Amino acid sequence: MVGILILVIFVVCGILLGQHIVIPYSSYQYVAVAILACLDSVFGALAASTGKNFKMKIFLSGFFFNAIFSMFLVYLGEILNVEIYLAAIIVFGGRILNNFSIIRRDVMDKAQSKRRYLKKKRVSSNIAIRTDLEAEELAKEENM
């Protein structure tokens with residue numbers, strides 16, 4: 001839970017800082033790929049936290065390494081005159097969607113199991129109420 005709180009704080013700080021930074025047009029490709037790499041790490045961390053196997057070291061190393069390495073690939077693509085950033089965008093976009101689907105499935109499974117639990121609890125409480133009513137009726141019959 002602490003990891004998710006730290007994650008949310010980082011995201012909010014990034015959004016607040018990003019509103020005041022002007023990015024030159026020549027750097028748009030770098031920033032776009034770095035943002036997708038960071039979002040991939042964030043959604044990966046959320047997916048890991050739903051599976052109860054979130055590790056802060058893995059998140060932080062992936063967050064920074066993915067961003068830096070993806071910017072390096074964009075730079076390498078510029079040198080080779082190949083638009084490698086498009087491949088990075090496709091890959092990171094696919095991973096983000098995959099992590100989002102893992103999160104969605106886990107949330108739906110938890111909601112389904114909670115519904116089953118509440119339904120089972122309602123049924124058992126109805127049985128308890130019914131048996132209490134039957135016991136009262138039997139007690140009335142015995143007193144007559």
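If you're wondering where the values come from, they're calculated on a predicted model, not measured in any experiment.
- Atom OH of Tyr28 has more than 12 neighbouring heavy atoms from other residues, nucleotides or ligands inside a 6.0 Å radius.
- Ile15 is connected to Val42 through a chain of hydrophobic side-chain contacts under 4.5 Å among Ile, Leu, Val, Met, Phe, Trp and Tyr, so both are in one cluster.
- Atom CD1 of Ile6 sits about 7.0 Å away from atom CZ of Phe10, to the nearest 0.5 Å.
- The line from CG of Leu97 to CZ of Phe43 is 9.0 Å long, rounded to the nearest 0.5 Å.
- Contact between Ala45 and Phe59 at its shortest, heavy atoms only, is CB-CD1, 3.5 Å.
- One hydrophobic cluster holds both Ile79 and Leu86 under the rule that ILVMFWY side chains link at heavy-atom gaps under 4.5 Å.
- Contact between Ser41 and Asn66 at its shortest, heavy atoms only, is OG-ND2, 3.5 Å.
- For the side chain to side chain contact (heavy atoms under 4.5 Å, CB included) criterion with Val33, the lone passing option out of Leu73, Ile89, Ile84, Val91 is Ile89.
- Side-chain contact between Val11 and Val8 is absent, with no heavy-atom pair separated by less than 4.5 Å.
- Within the 4.5 Å cutoff, no side-chain heavy atoms of Leu39 are placed close to those of Phe92.
- The side chain to side chain contact (heavy atoms under 4.5 Å, CB included) test applied to Phe64 returns Leu60, not counting sequence neighbours.
- One hydrophobic cluster holds both Tyr25 and Val74 under the rule that ILVMFWY side chains link at heavy-atom gaps under 4.5 Å.
- When every heavy atom of Thr50 is checked against every heavy atom of Lys110, the shortest pair comes out as O-NZ, 3.8 Å.
- Hydrophobic clustering places Phe63 together with Val31 (ILVMFWY residues linked when any side-chain heavy atoms are closer than 4.5 Å, directly or through intermediates).
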Next on the checklist: Working note: Phe54 + Leu46, criterion side chain to side chain contact (heavy atoms under 4.5 Å, CB included); need CA distance, chi angles, decisive distance, verdict.
Outcome noted: CA-CA 8 Å; Phe54 174 79; Leu46 290 173; over 6 Å; no

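- Evaluation of the side chain to side chain donor-acceptor pair (under 3.5 Å) test over residues 70-96, restricted to residues two or more places apart or in two chains, returns Tyr30-Glu78, Asp40-Arg95.
- Put simply, Ile96 and Ile90 are part of two different groups of oily side chains (I, L, V, M, F, W, Y) that touch within less than 4.5 Å, one to the next.
- In terms of the side chain to side chain donor-acceptor pair (under 3.5 Å) criterion, Arg104 has no residue partners (sequence neighbours excluded).
- Separation of atoms CE (Met108) and OG (Ser101) is listed at 11.5 Å; rounding is to 0.5 Å.
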